[in-house]
Enquirer: 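Input: one structure, supplied below.
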Amino acid sequence: MRRRRLGLVKAGVFLICLLPLSILAWDAVAGNLGVNPIEAVTRRLGDWAIRFLIIALAVTPVRRLTGWGEVARYRRMLGLFAFFYAILHVFSYVGLDHFFAWGDIWADIVKRRYITVGLLAVLLLLPLAVTSTAGMVRRLGGRRWRLLHRLVYPAGMLAVLHFYMLVKADWREPLLYGAIVGALLGYRVVNALYTRPRPVRA
Amino acid sequence: MSLRWLPSLRGSEVTDRRLYLDRRRFLATTAAGVLLSAVASTRSSRAAPLSGVVPGPFSTDEEQTPFSDVTTYNNFYELGPDKDDPAKNAGRFRVRPWSVAIEGECAKPGVIAYEDLIRPHRLEERVYRLRCVEGWSMVIPWVGMPLAKVLERFEPNSRAKFVEFTTIYAPDQLPGQRLPLLNWPYREALRMDEAMHPLTIFAVGLYGEELLPQNGAPIRLVVPWKYGFKSIKSIVSIRFREDQPVTTWSQAAPSEYGFYANVNPNVDHPRWSQAKERRIGEFFRRETLMFNGYADQVAGLYAGMDLARHY
């Protein structure tokens with residue numbers, strides 16, 4: 001009974017995570033993407049990649065601070081959705097914005113630092129997505145798996161930096177994301193410092 | 001699926017703007033079932049038509065960007081930083097009464113009412129390409145008059161080497177000015193020979209109607225061979241100067257936005273390429289042209305200048 005309820009909740013969370021994509025698809029069909037729809041698609045997918053990355057990064061601090069253990073069950077799904085939206089963001093840039101003009105894209109990656117940084121963030125997420133299955137955790141061993149998955153920290157920082165670097169003048173949103181990522185990573189640093197294995201008391 | 005996703009259409013295939021707007025209106029009202037009220041509301045959002053407009057020189061016959069796109073996709077940070085903000089926030093911006101201060105190195109400085117500023121001039125339609133520094137472009141049928149004809153009336157003296165323009169500062173009407181996005185008020189400037197060039201105009205309308213607030217009502221600059229940010233909107237002062245003025249964007253990010261800001265596919269913005277642009281309404285990017293396609297008219301202004309240094 002409990003397992004079934006959890007399954008339902010998980011399916012519900014899954015559907016909620018698909019909502020931004022559904023709304024985007026609806027807006028595309030209905031012509032609600034404004035005057036520059038390609039820019040709108042790319043930007044919206046990028047926004048959601050960063051937001052899901054932040055949500056995934058928030059799982060552990062939320063669990064520790066509130067004692068709400070159940071939230072950890074959704075960590076993998078949320079992380080994979082961050083990767084999902086990041087990949088769609090890249091596809092939109094490659095396929096819609098540049099229509100597979102690989103020469104232009106390569107020049108962008110090499111010359112435009114915000115593109116370089118953004119691509120690096122996605123590349124860091126790739127091994128995490130690949131090793132997200134239970135089998136992979138077993139094969140790598142929990143310790144190594146956890147070490148590898150710390151790559152999500154630089155990925156989060158690079159994603160925000162990528163956003164910050166492409167903005168012309170309105171830095172409010174990237175700064176907000178930067179503050180949240182800073183707080184979430186800062187929590188981990190503080191936590192690590194205070195829960196360092198203490199000398200055994202006599 | 002929106003038509004924008006398809007490659008560009010030929011001009012002959014494009015639905016006439018009036019028909020297009022009517023169709024939209026029709027679709028909207030069928031749902032509501034009340035035709036009349038919608039007609040009234042649509043009318044109230046449109047600007048007043050301008051009379052006595054004659055075709056001017058230098059117009060392109062390229063397909064014009066639809067009125068609805070020109071009036072809803074704007075960079076006018078005074079009305080908000082997002083592209084759709086200016087149209088949304090335009091309601092509180094009062095563009096009448098309006099006056100412009102004439103200052104600096106000229107024989108006839110003073111404050112002149114908007115109506116007196118434009119009255120002596122014959123309004124011309126100029127269909128120009130507009131290239132934004134961000135990499136998108138439009139084709140807009142402006143209505144206005146050559147800037148040279150306006151400036152001559154104030155008799156700039158021999159010390160007038162530059163002309164500086166300032167946008168209105170009114171944070172109560174312009175919500176973007178309550179944010180520290182730029183060093184308000186917005187300032188732009190041209191070298192005197194650029195200002196007097198026959199391509200340079202003051203625009204007071206587009207598509208045969210008065211400018212809407214989001215497009216820089218009631219009077220704005222249009223310099224078609226330069227990136228869009230040079231074409232300053234909602235101008236309240238014109239100052240003739242001997243020294244080169246500091247312009248807003250070049251002050252905000254000197255390595256990214258220069259004083260000249262000529263459209264140049266060979267000189268990249270530090271953060272992105274300027275080689276191509278997306279014409280609004282088209283799927284594929286197109287090549288950006290030197291001086292936005294106006295090289296024949298303006299290249300001479302910059303003879304001998306290193307355009308990579310004077311970007």
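To find a chain, count down the sequence lines: A is the first, B the second, and so on, and within it residues start at 1.
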Enquirer: Calculate, to the nearest 0.5 Å, the distance between atoms CD1 and CH2 belonging to A/I38 and B/W136 respectively.
Expert: 15.0 Å
Enquirer: A/R172 side chain to B/L179 main-chain N or O, any donor-acceptor pair under 3.5 Å?
Expert: no
Enquirer: Show the nearest heavy-atom pair for residues B/L181 and A/A169, with the distance to one decimal.
Expert: O-CB, 3.8 Å
Enquirer: Which answer fits B/N75, side chain, backbone, both or neither, if we ask what part of it has an atom under 4.5 Å from a heavy atom of chain A?
Expert: side chain
Enquirer: Just how far is it from atom CZ of A/F99 to atom CZ of B/F283, taken to the nearest 0.5 Å?
Expert: 5.5 Å
Enquirer: When rounded to the nearest 0.5 angstrom, what distance separates CH2 in B/W272 from CG in A/L166?
Expert: 8.5 Å
Enquirer: Examine whether an atom of B/P180 lies under 4.5 Å from a heavy atom of chain A, and if so say whether it belongs to the side chain, the backbone or both; otherwise answer neither.
Expert: neither
Enquirer: Identify whether NZ of Lys or CZ of Arg in A/K168 sits under 6.0 Å from the centre of the six-membered ring of B/W249 and within 45° of that ring's axis.
Expert: yes
Enquirer: Surrounding CZ of A/R43 (heavy atoms of other residues, nucleotides or ligands, distance under 6.0 Å), is the total greater than 12?
Expert: no
Enquirer: Measure across A/V167 and B/R271 and return the closest heavy-atom pair with its distance rounded to 0.1 Å.
Expert: O-NH1, 2.9 Å
Enquirer: With chain A, which of B/E256, B/K83, B/K276 has the greatest number of heavy-atom pairs at distances under 4.5 Å?
Expert: B/K276
Enquirer: Got a second to check how far A/N36's CG is from B/M138's CE, nearest 0.5 Å?
Expert: 8.5 Å
Enquirer: Does atom CZ of A/R113 have more than 12 heavy-atom neighbours, drawn from other residues, nucleotides or ligands, at distances under 6.0 Å?
Expert: no
Enquirer: Flag the one option from B/T72, B/L182, B/D268, B/D84 with the top tally of heavy-atom pairs under 4.5 Å to chain A.
Expert: B/D268
Enquirer: Chain B: which of A/H98, A/K111, A/M165 shares the most heavy-atom pairs with it under 4.5 Å?
Expert: A/H98
Enquirer: Considering only NZ, NE, NH1 and NH2 on the basic side and carboxylate oxygens on the acidic side, decide whether B/R285 and A/D104 come within less than 4.0 Å.
Expert: no
Enquirer: Please state whether the side chain, the backbone, both or neither of B/V70 comes within less than 4.5 Å of a heavy atom of chain A.
Expert: neither
